[in-house]
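First the structure, in the form of structure tokens, and then the observations on it.
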Number of protein chains: 2
Amino acid sequence: MTETVPRPTLEAVAARAGVSRATVSRVVNGSDGVREPLAERVRRAVDELGYVPNQAARSLVTRRHDAVAVIVAEPETRVFADPFFARQLRGISKELTAHDNQLVLLLTEDRDDHARVGRYLAGGHVDGALVFSLHIDDPLPGLIRRAGLPAVFGGRPDFGGGRDGVVYVDSDNRGGARDAVRHLLGLGRSRIAHITGALDQTSAVDRLDGFRDVRVDTDPRLVVEGDFTAASGERAMRELLGRRPDLDAVFAANDLTAAGALRVLREHGRRVPDDVAVVGFDDMQPVAEQTEPPLTTVRQDIEGMGRLMARLLLRELDRPATADEDAGVTPSGVVLPTTLVRRASA
Amino acid sequence: MTETVPRPTLEAVAARAGVSRATVSRVVNGSDGVREPLAERVRRAVDELGYVPNQAARSLVTRRHDAVAVIVAEPETRVFADPFFARQLRGISKELTAHDNQLVLLLTEDRDDHARVGRYLAGGHVDGALVFSLHIDDPLPGLIRRAGLPAVFGGRPDFGGGRDGVVYVDSDNRGGARDAVRHLLGLGRSRIAHITGALDQTSAVDRLDGFRDVRVDTDPRLVVEGDFTAASGERAMRELLGRRPDLDAVFAANDLTAAGALRVLREHGRRVPDDVAVVGFDDMQPVAEQTEPPLTTVRQDIEGMGRLMARLLLRELDRPATADEDAGVTPSGVVLPTTLVRRASA
DNA sequence: ACCTGAGCCGAGAGCGCTCTCCCGCCCGGC
DNA sequence: GCCGGGCGGGAGAGCGCTCTCGGCTCAGGT
């Protein structure tokens, strides 16, 4: 049924074109130094035989794989509940395939998986790694470093991003948060609450910091910790209404949380945005537009982040191995801008 | 900086253990026929040197890669708007890693990508393929067949699933749809409308068929074509309200469509479920629970589908190549059951 | 004691490619 | 007409592994 026909080898192409293997190799790899008529003959032979180089054989000698690992370390279902991940993947995929690199996906759930991932990375199957959703004290960066692989992180790692040549791409969470809160201020709101995300992730911390930047002397009762889920949004909103029934605005750490808050506000008969204005974060498609009312939120360029991560990694890979003194040419942290998207909720 | 230390080879381990390469290979690959004391010595040497086999070298001779491609052919953003995809991936990933296989992700957007994918598959980097979101007349199955790779499809292909040894895994879309409509009937509704999905996908066709199974003589005006998006749900709902203002129930082809319909119903002052009952399909997490009111819907085991696809493929790969006469042992189509999830909307 | 056979283990050939030599040819200069 | 330089192309040595094959050892049967 699926009987594999023996694929033609370099040897076969060489024989057909009446040249040596070396010459075919030169032509296939686009190196110069083969005179046109000969090259043409080789190209014809390649076509006729349908020759495709054997990547394993090539890797064996070049020590390149033209493949990078994408590691998503997410025990919770959160990442999977939002399309974030898929969007970023798409960005990465585009960039990688544009440069003829493959994407090897490594999903990890628990600590056991780390050993496996470590072994895989050390096994030299990929040239580099793209890493997401690091949590505090994650062993992953250590594993990667030990495997001697270049890596780019999605989101600022909690350990010195920027130091040690740790390269990362992040959204301007802090700036975006500031914009959101300033927008609420501009609407004349003064009793602005914040529901945070899971504070073991830098994105949540940064958003909180942004909030505080603008509301330096805020009543601590106006800040409640959440964990990026809708359920936490509901819980936090109830808490807030109990503490400060007079609040007139809420900045939620993400759209899901905002959706939860919205529901509780409706339950309590608060009109949005008239009584309470609500701003989310992420501009997560199926949620932000479907809420009642549609959510004003901070958009980040997810796909762009993915692309950029891939691009930075590829650049690193293309750098001649000798170029140690260049370290530092690669920017260690890149922060992408965010934009406020105005809808009905604020 | 990321200076790769030369990794130890089989040779090195052999030298350290004072045996031949062959013996080390036997131990590493768990083949029997090495006496215990020797095997132990080899294992120690492996540990001490931190030896990890070079996959490229191994593939070169075994012609196995222990890697499968996951191909997602989705030009539209739809797939990315829902977490479907991520869930399925997770299922696949779990199953693959449990069997030490890697997951190579191939995302395709347009026809150009097909050539690339074809080349990749033909390049013999992977042992098999898992394919999603086929549309009508998709060239992908042909490419895969030509590459001589075993494949499992996610969702029933429009060409003879079941014939030609085409293996697929699907949800029981038709049965699920029947359950949904029967549930509405059980609620005493009699003027039940259906908003279809994109009818170039078998899932949408099957759901429509399920609807018709139960509502054989339905007024054709009660069926409106949609495309699985929320926008199409809104449009279709308006259309339906115009055609049959007396309708008392809606079965939408998926949750997003249902969410759109819900919004329009609210706009028109119809109470859900009192005036109009609504049922969706998918039980897509962030949407189904967040709608107002929360959506009654048909749940499918997405992650299970992924796992099963992977399992079927792996089984196919493990089959000795000779076993042609076995063809047929592998079930050609597996249909997973769905369950109705009752929430507030119906 | 000899033969047989059943393991164990090592030697060595290759998997398909790249890349470094090195050879030979062609051309220009004197 | 001869020599030297330069460049196009071929020969061949690996890359690190697997796997066949054959030799060697040792037990058991005669």
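Order of the sequence lines sets the chain letters (A, B, ...), proteins ahead of strands, with each chain counted from 1. The structure displayed is predicted, hence computed values, not measured ones.
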Trace of the side chain to side chain contact (heavy atoms under 4.5 Å, CB included) decision for B/Val152 with B/Val131: CA-CA 6 Å; B/Val152 175; B/Val131 187; over 6 Å; no
- request: Test side chain to side chain contact (heavy atoms under 4.5 Å, CB included) on A/Leu107 and B/Thr97 and set out the steps.
  value: CA-CA 9 Å; A/Leu107 262 30; B/Thr97 61; over 6 Å; no
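- Rotation axes derived from the C1' atoms of the five outermost pairs at either end of the helix from C/dA1-D/dT30 to C/dC30-D/dG1 lie 50° apart, to the nearest 10°.
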task: Mind running side chain to side chain contact (heavy atoms under 4.5 Å, CB included) on A/Asp66 and A/Asp100 for me, showing each step along the way?
output: CA-CA 7 Å; A/Asp66 295 320; A/Asp100 275 312; 6.0 Å; no
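- Residues from residues 40-50 of chain A placing a heavy atom under 4.0 Å of any atom in DNA chain C do not occur.
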- line: Contact string for nucleotides 19-27 of chain D, one letter per nucleotide 5' to 3', B = base within protein heavy-atom range under 4.0 Å, S = sugar-phosphate only, - = neither, reads B--------
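- Taking CZ from A/Arg21 and CZ from A/Arg26, the interatomic distance works out to 11.5 Å, rounded to the nearest 0.5 Å.
- Under the 3.5 Å distance criterion, with hydrogens and angles disregarded, a donor-acceptor pair is assigned to the side chains of A/Asn29 and A/Arg58.
- How far CE of A/Met305 is from CZ of A/Phe132: 7.0 Å, rounded to the nearest 0.5 Å.
- Qualifying salt bridge (Lys or Arg N to Asp or Glu O under 4.0 Å) partners for A/Arg307, counting only residues two or more places apart in sequence or in other chains: A/Glu95.
- Partner of A/Val167 under the side-chain contact (heavy atoms from CB on, under 4.5 Å) criterion, chosen from A/Val334, A/Leu312, A/Leu313: A/Leu312.
- The pair A/Glu36-A/Arg41 fails the salt-bridge criterion, with no side-chain N (NZ, NE, NH1 or NH2) lying under 4.0 Å from an Asp/Glu carboxylate O.
- Residue-to-nucleotide proximity on DNA chain C shows that, of B/Leu60 and B/Arg35, the 5′-proximal contact is made by B/Arg35.
- The CG atom of B/Leu89 lies 6.0 Å from the CG atom of B/Leu103; values are rounded to the nearest 0.5 Å.
- Salt-bridge formation is not detected for the pair A/Arg44/A/Asp47: no Lys NZ or Arg NE/NH1/NH2 atom is positioned less than 4.0 Å from an Asp or Glu carboxylate oxygen.
- Chain B approaches DNA chain C over the interval C/dC8 to C/dG16, counting the first and last nucleotide 5' to 3' with an atom under 4.0 Å from its heavy atoms.
- Results of the side-chain contact (heavy atoms from CB on, under 4.5 Å) test with A/His65 over A/Val104, A/Asp127, A/Asn101 single out A/Asp127 as the only residue that passes.
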field: Working for side chain to side chain contact (heavy atoms under 4.5 Å, CB included), residues B/Tyr120 and B/Val126
entry: CA-CA 9 Å; B/Tyr120 182 74; B/Val126 292; 4.0 Å; yes
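- For the pair A/Ser59 (side chain) and A/Arg64 (backbone), a donor-acceptor distance under 3.5 Å is present.
- Residues from residues 10-19 of chain A placing a heavy atom under 4.0 Å of any atom in DNA chain D, listed by number, are A/Val19.
- Proximity of a side-chain donor or acceptor of B/Arg156 to a complementary backbone N or O of B/Asp170 within less than 3.5 Å is not detected.
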